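Taking it in order: structure first as structure tokens, then the write-up.
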Protein chains: 2
Amino acid sequence: MDPAAYFRRWRRRVTRPRLAVVAALERSAAHLSADEIRRAVRAAGEPAGLTTVYRTLALLERMQLVVRHEFGDGECRYELADGWHKVHHHHLVCSACGTVTEYRAFKEENALVARMQEVLSRKYRFTIRGHQFNFVGLCARCCERSARIHL
Amino acid sequence: MDPAAYFRRWRRRVTRPRLAVVAALERSAAHLSADEIRRAVRAAGEPAGLTTVYRTLALLERMQLVVRHEFGDGECRYELADGWHKVHHHHLVCSACGTVTEYRAFKEENALVARMQEVLSRKYRFTIRGHQFNFVGLCARCCERSARIHL
DNA sequence: GTAAATGCAAAGGTTTTGCACGTTA
DNA sequence: TAACGTGCAAAACCTTTGCATTTAC
């Protein structure tokens with residue numbers, strides 16, 4: 001699918017910085033911070049100010065093309081929404097070192113999400129657009145460490 | 001259960017500000033920001049600096065007595081962990097107005113969580129301590145609004 | 001040509017840190 | 001009394017805003 005078409009559908013102008021931000025997100029598999037995105041955009045030969053990156057991300061989020069996460073490291077992290085070449089996934093967050101591991105949602109999880117969506121939207125009159133499931137804990141390395149020293 | 005005992009078990013001193021922070025969280029059902037906690041503590045007659053509140057919250061988090069959330073409104077929000085008089089729950093976050101609705105996790109969800117915990121800990125050697133399930137979307141009010149104006 | 005987007009610098013807001021002073025054990 | 005905890009002020013950070021300039025349509 002074509003990002004430019006998306007911008008036009010939303011009556012927004014198709015600009016080089018905007019396309020560069022989307023391209024950077026498409027290139028990366030990770031959860032990028034605003035500043036990381038700006039660096040990626042610059043590395044790709046398109047100078048862009050951090051302000052523009054933030055404004056573009058806010059727009060992309062409203063267009064539901066991008067999802068914002070906060071994993072607890074003090075900055076927001078962004079990735080393309082499902083369907084934009086990414087398969088839906090959930091996260092394992094290590095609370096000690098901050099590592100975020102993605103895993104592809106299991107069938108059971110997806111079935112549950114679909115059912116929850118129905119129940120919750122009826123019960124709370126809530127229109128569900130997406131969800132974020134994070135399991136928080138310790139990765140293998142940090143777990144060993146914390147067994148030795150008491151955090 | 002007694003907070004003071006917890007502090008002692010962790011070889012930390014039992015101080016008035018620390019006890020006041022725990023008490024404030026016990027009194028409130030909501031997700032409090034650091035500053036809200038400081039105000040609650042002061043209202044209860046115990047003056048406390050914001051710095052101390054932050055440091056106490058960081059300690060309580062390490063002791064797994066408190067859980068930190070980031071719902072996207074720019075500040076971290078804290079609540080007591082499960083088992084400290086709170087029943088486990090999940091969240092509905094309105095992306096337009098920021099309202100956070102809690103709902104008590106359904107049986108199916110809890111069963112899934114238990115199973116996931118097993119699968120993921122084996123597959124990724126990850127020690128799961130907790131999880132955060134957020135459904136993101138629009139509350140009834142914002143949904144109506146967005147139907148009229150295109151965001 | 002005109003409204004929208006950009007980029008810089010500055011402001012805004014939350015969270016952290018340095019350091020002298022109080023407290024707990 | 002010897003660490004440990006506290007609180008203030010200042011710093012550090014990420015993010016947003018104001019405004020003159022540039023750009024897309």
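What you are looking at is a predicted structure, and each value in this text was computed from that prediction instead of being measured. Chain letters run A, B, ... following the sequence lines, proteins first and then strands; every chain starts at 1.
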Check your understanding: Can you tell me how far P of D:dT22 sits from CD of A:E46, to the nearest Å?
Key -> 16 Å

Point to revise | Rounded distance (Å) that lies between atom C1' of C:dC8 and atom CZ of A:R42 | key: 11 Å

**Study point:** Electrostatic pair A:R115:B:E108 at N-O distance under 4.0 angstrom
**Key:** yes

Practice item. Go through the N and O atoms of the side chain of A:T51 and the base of C:dC8, and report whether any donor-acceptor pair is under 3.5 Å. Key: yes

Exercise for review: Answer yes or no on whether A:R18 is positioned over the face of A:F7, meaning its NZ or CZ is under 6.0 Å from the six-membered ring centre and within 45° of the axis.
Suggested key: yes

Practice item. Please check the phosphate of D:dG5 (OP1 and OP2 only) for any side-chain N or O of B:T52 closer than 4.0 Å. Key: no

Check your understanding: Between B:K107 and B:E109, does at least one N-O distance fall below 4.0 Å, as a salt bridge requires?
Key -> no

Practice item. For B:R16 and for B:L50, find the nucleotide of DNA chain C with the closest heavy atom, then tell me which residue's nucleotide is more 5'. Key: B:L50

**Study point:** Interatomic distance where CZ belongs to A:R68 and P belongs to D:dT15 [whole Å]
**Key:** 9 Å

Review point. Separation of B:E75 atom CD from D:dC13 atom C1', in whole Å?
Key: 15 Å

**Study point:** Donor/acceptor link under 3.5 angstrom from A:R55 side chain onto base of C:dA5
**Key:** no

Exercise for review: Take the protein atom CZ of B:R12 and the nucleotide atom C1' of C:dT23, then report the distance between them rounded to whole Å.
Suggested key: 16 Å

Practice item. Mind calculating the distance between CZ (A:R39) and C1' (D:dC14) to the nearest angstrom? Key: 13 Å

Revision key, fill the gap. From OH of A:Y54 across to C1' of C:dT6 the rounded distance in Å is 17 Å

**Study point:** Length of the CZ-C1' vector between A:R13 and D:dC25, whole Å
**Key:** 6 Å

Exercise for review: Tell whether B:T15 reaches the base of D:dC4 with its side chain through a donor-acceptor pair below 3.5 angstrom.
Suggested key: no

Review point. Taking A:R38 as the fixed residue, which of A:V21, A:L32, A:T51, A:L50 is the one that meets the side-chain contact (heavy atoms from CB on, under 4.5 Å) rule?
Key: A:L50

